[in-house]
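Reviewing the structure listed below.
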Number of protein chains: 2
Amino acid sequence: MSKDVTVDQMLSAFEAAGMRTTRPRRAMAEQLVAWGAKEKEFSSEDLWHAVQEKAPWVGRATAYRTVQLLQDLGFLDRVTFADGTERYHVVAAGHEHHHHLTCEMCHRIVPVEACIAPAAFEAMAQQSGFAISGHRLEIFGRCPDCQDDAHSC
Amino acid sequence: MSKDVTVDQMLSAFEAAGMRTTRPRRAMAEQLVAWGAKEKEFSSEDLWHAVQEKAPWVGRATAYRTVQLLQDLGFLDRVTFADGTERYHVVAAGHEHHHHLTCEMCHRIVPVEACIAPAAFEAMAQQSGFAISGHRLEIFGRCPDCQDDAHSC
DNA sequence: GCTGCTCTTGACACTAGGTATCATTTCGTG
DNA sequence: CACGAAATGATACCTAGTGTCAAGAGCAGC
């Protein structure tokens, strides 16, 4: 059972990394916690707009910078959709390595555990001589709600 | 042993799809064949610039449109690199479903066969109720030549 | 509580990469 | 060769994001 992250956890992580706990960072953390890890997906621009309602003094550049930091700190996950757009979602605490199954219609996100077998990575490292450092797997489809809709045009 | 594609093959594919074999399309096909499938990677912009040297009358929009078409026709493969940039490369004829292992330093591309087991796809379709329509897998690392370089800063 | 140093911010100009529009050109069929 | 549709090139525009920098605000030490 994965728990949602708290504002304090995010701010503590900033401190732990030697960064300051500023007002914009707090405002953005609050918005993220309000959204929670409920499969909610958003772009940096979305988050900026949402934060603006309660903290209109937050600048766009700051919003983008903070999203980047939160991703580095492991609180946000970047997800690629079938249409090529990139968005983020809040990582539920304790979620280990996983990938995403996304709906190409409504952008719903479902985390999945499936991944390449470690043996396969080793095999390709051997064959190619590469030092493998990471990978991304994105799976696309239509969620149950969107399969009925004939919005295929 | 996979063979490189020819200009005629590309132009025939356009015709077969009910499209015309125009001068810009020919010019771009020629540039692509000149590059070949030799792990060469390029952006639409790169291709446009290259084509301009021999056919300066080709417009930017046309270059982008043609790259899109060639991708739809299966002659080009879109590859995502570790830094998030998207580029293309020429698909060698007869290459079936595959993914790419890319060098995060020099952008070298190695095709790999490894993929998720079909059973895993079925399992996640069952669990989630999604109708799965596609996926992308990108693997990042450093090629043998770039492992020595201490360009880590 | 005040000082001062540094990190961070907000404003804004700018860029990369790509798309929409539309009058003009050019295929290729008849 | 003439014609209609498809394709083009020029251009304006767009999205998503980055670089710059003077001004502001945390936080440590006093």
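Residue numbers start from 1 in every chain, and the chains themselves are labelled A, B, ... in the order their sequence lines are given, proteins ahead of strands.
At the heavy-atom level, B:Arg25 lies under 4.0 Å from the strands shown only through sugar-phosphate atoms. Nucleic acid contact for B:Arg65: base, since at least one base atom lies under 4.0 Å from a heavy atom of the residue. Across all strands, A:Thr21 comes closer than 4.0 Å only to sugar-phosphate atoms, never to a base (heavy-atom distances).
Distance alone, capped at 3.5 Å, places no donor-acceptor pair between the B:Glu138 side chain and the A:Arg136 backbone.
Between the CZ atom of A:Arg87 and the P atom of D:dG17 there is a distance of 10 Å, rounded to whole Å. Note: CZ (A:Phe42) to C1' (D:dA16) measures 16 Å, nearest angstrom. Rounded to whole Å, atom P of D:dG17 lies 8 Å from atom CD of A:Glu45. Note: CD (A:Gln68) to P (D:dT18) measures 7 Å, nearest angstrom. Rounded to whole Å, atom P of D:dG26 lies 9 Å from atom CZ of A:Arg26.
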**OP:** Verify side chain to side chain contact (heavy atoms under 4.5 Å, CB included) between A:Leu32 and A:Phe75, making sure each step is shown before the conclusion.
**Re:** CA-CA 10 Å; A:Leu32 290 174; A:Phe75 290 105; over 6 Å; no
**OP:** For B:Arg108 and B:Cys146, run side chain to side chain contact (heavy atoms under 4.5 Å, CB included): C-alpha distance rounded to whole Å, both residues' side-chain angles, the deciding distance at 0.1 Å, then the answer.
**Re:** CA-CA 10 Å; B:Arg108 195 157 117 190; B:Cys146 293; over 6 Å; no
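For the helix from C:dG1-D:dC30 to C:dG30-D:dC1, the rotation axes defined at the first and last 5 base pairs enclose an angle of 30°, given to the nearest 10°.
The environment of A:Glu122 atom CD is sparse: at most 12 non-hydrogen atoms of other residues, nucleotides or ligands sit within 6.0 angstrom.
Between the side chains of A:Thr85 and A:Asp83, at least one donor N or O sits under 3.5 Å from an acceptor N or O.
Listed by chain and residue number, A:Asp77, A:His100 satisfy the side chain to side chain donor-acceptor pair (under 3.5 Å) test with A:His98 (two or more places apart in sequence, or in another chain).
Screening A:Thr62, A:Thr66, A:Val58 for a side-chain contact (heavy atoms from CB on, under 4.5 Å) with A:Val51, the sole residue that qualifies is A:Val58.
The base of D:dG9 is not paired with the side chain of B:Arg60 by any donor and acceptor separated by under 3.5 Å.
Of all heavy-atom pairs between B:Phe130 and A:Gly141, the closest is CD2-C, 4.1 Å.
Protein chain B contacts DNA chain C from C:dG17 to C:dG28, reading 5' to 3' and using non-hydrogen atoms of the protein with a distance under 4.0 Å.
Mapping B:Pro24 and B:Tyr64 onto DNA chain C via the closest heavy atom, the residue that lands nearer the 5' end is B:Tyr64. Across the interface with DNA chain C, nearest-nucleotide mapping of A:Met19 and B:Glu86 shows A:Met19 to be the residue nearer the 5′ end. For the pair B:Gly18 and B:Ala61, both in contact range of DNA chain D, the more 5′-proximal nearest nucleotide belongs to B:Gly18.
When the side-chain nitrogen and oxygen atoms of B:Thr62 are compared with OP1 and OP2 of D:dG9, one or more of them lie within a distance under 4.0 Å.
In this structure, B:His99 has its ring center under 6.0 Å from that of B:His135.
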